[in-house]
Amino acid sequence: MARAAPERSASLHADPGAPRHVAIIMDGNGRWASERGLPRLAGHRAGADNLQRVLRTLDSSGVGFVTLYAFSTENWNRPTAEVNGLLELMRSVIGDCVEELHQRKVRIRHLGELDNIPASLADATREAVERTARNTGLNLCVAFDYGGRSEVVRAVRRIVASGVSEDEVTEQLIRDNLYLPDVPDPDLIIRTAGEQRLSNFLIWQAAYSEYYQTPAYWPDFDDVEVERALNEFKRRRRRFGALPEE
Ligand code: FPP
């Protein structure tokens with residue numbers, strides 16, 4: 001009897017030097033589109049089409065957590081048509097991708113607020129999170145209606161409301177009140193499209209993250225680009241404020 005082919009494992013080519021958590025600021029969709037004479041939403045669509053490719057590559061490289069900055073609290077200030085287009089895109093990404101991600105044992109998480117987005121999208125997000133909650137593969141954290149400062153304000157409010165005394169307030173307590181307290185800090189933050197700023201992304205968690213930027217626009221951020229970023233990470237010597245070992 002023929003032996004069953006070994007199940008393809010996400011960690012088949014896992015690299016022990018890979019970052020545990022990669023967070024990505026997916027920038028440049030608009031520029032990608034305007035350089036092609038297309039409307040900005042076409043750029044966002046191309047950006048959405050790039051998600052699965054990047055996730056697969058990161059997963060097979062041994063990365064355990066990926067956080068994507070999909071919609072910031074500041075993105076509400078964009079023209080209404082673009083905001084609606086991004087909300088619609090999020091809905092279709094959930095519709096198109098959750099089943100495949102679930103099959104690949106990806107656990108979907110959300111960070112940000114669900115109260116300001118249409119109820120049907122909020123429900124679809126909650127369902128995706130619940131459906132995949134017991135998956136043991138890659139943790140995919142989607143920052144949607146997310147802002148780092150709001151996250152810290154929310155944490156402080158929760159702490160104050162809990163009635164703890166002043167000397168009980170610690171870094172750990174603040175961390176415990178972030179959106180996803182069990183998710184480790186990002187080791188590597190990638191920003192596409194050449195800008196060199198954090199734009200209110202994971203401002204608490206990024207204290208000791210390595211930062212990497214590439215001129216590539218997000219829709220063009222392919223496997224070669226992912227590999228470049230991971231290789232650059234491997235070359236970094238992280239000291240977390242201490243001196244290098246003798
Ligand atoms: C920044 O590019 C990108 C965004 C504000 C949205 C990111 C969304 C995606 C990659 C699509 C996937 C979406 C969801 C909802 C899961 P930009 O518009 O600021 O580009 P620009 O700086 O070139 O104008």
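As the structure lists them, so they are numbered: ligands from 1, and atoms in each ligand from 1.
- Looking from atom 19 (O) of ligand 1 to the surrounding protein, the closest heavy atom is R78 NH2, 2.8 Å.
- Ranking protein heavy atoms by distance to atom 24 (O) of ligand 1, first place goes to R40 NH1, 3.0 Å.
- Only the side chain of W218 comes within 4.0 Å of ligand 1, counting heavy atoms alone; its backbone N, CA, C and O stay farther away.
- When only interatomic distances are considered, the shortest N/O to N/O separation between V93 and ligand 1 does not fall below 3.5 Å.
- The protein non-hydrogen atom at the shortest distance from atom 9 (C) of ligand 1 is N29 ND2, 3.5 Å.
- Annotation for A70 and F144: closest pair CB-CD1, 3.9 Å, computed over non-hydrogen atoms.
- For atom 5 (C) of ligand 1, the closest heavy atom belonging to the protein is N75 OD1, 3.6 Å.
- For N50 and R53, the side-chain atoms include at least one donor-acceptor pair closer than 3.5 Å.
- Of the protein's non-hydrogen atoms, G30 N, 3.1 Å is the one closest to atom 20 (O) of ligand 1.
- For atom 14 (C) of ligand 1, the closest non-hydrogen atom on the protein side is A70 CB, 4.0 Å.
- A donor and an acceptor atom, one from each side chain of T214 and E225, are located under 3.5 Å apart.
- Against a heavy-atom cut-off of under 4.0 Å, F144 is close to the following atoms of ligand 1: 15 (C).
- Interface atoms of ligand 1 facing R31, defined by a heavy-atom separation under 4.0 Å, are 21 (P), 22 (O), 23 (O).
- The single protein non-hydrogen atom nearest to atom 13 (C) of ligand 1 is L89 CD2, 4.2 Å, given as residue, atom name and distance.
- A salt bridge is absent between D59 and R56: the closest approach of a Lys/Arg side-chain nitrogen to an acidic carboxylate oxygen does not fall below 4.0 angstrom.
- Just one residue in the list V66, L68, V142 forms a side chain to side chain contact (heavy atoms under 4.5 Å, CB included) with L51, and that residue is L68.
- Remark: minimum distance from atom 3 (C) of ligand 1 to any protein heavy atom is reached at M26 O, 3.1 Å.
- With sequence neighbours excluded, no residue forms a salt bridge (charged side-chain N to carboxylate O under 4.0 Å, His left out) with R107.
- Contact between I24 and V22 at its shortest, heavy atoms only, is CG1-CG1, 4.0 Å.
- Q172 and D176 share a donor-acceptor pair across their side chains, judged by distance under 3.5 Å alone.
- Sequence neighbours left out, the pairs with a member in residues 182-211 that pass salt bridge (Lys or Arg N to Asp or Glu O under 4.0 Å) are D27-R191, R31-E195, R109-D182, R175-D185, D187-R238, E195-R197, E210-R236, E210-R238.
- In F71, neither the side chain nor the backbone holds a heavy atom less than 4.0 Å from any atom of ligand 1.
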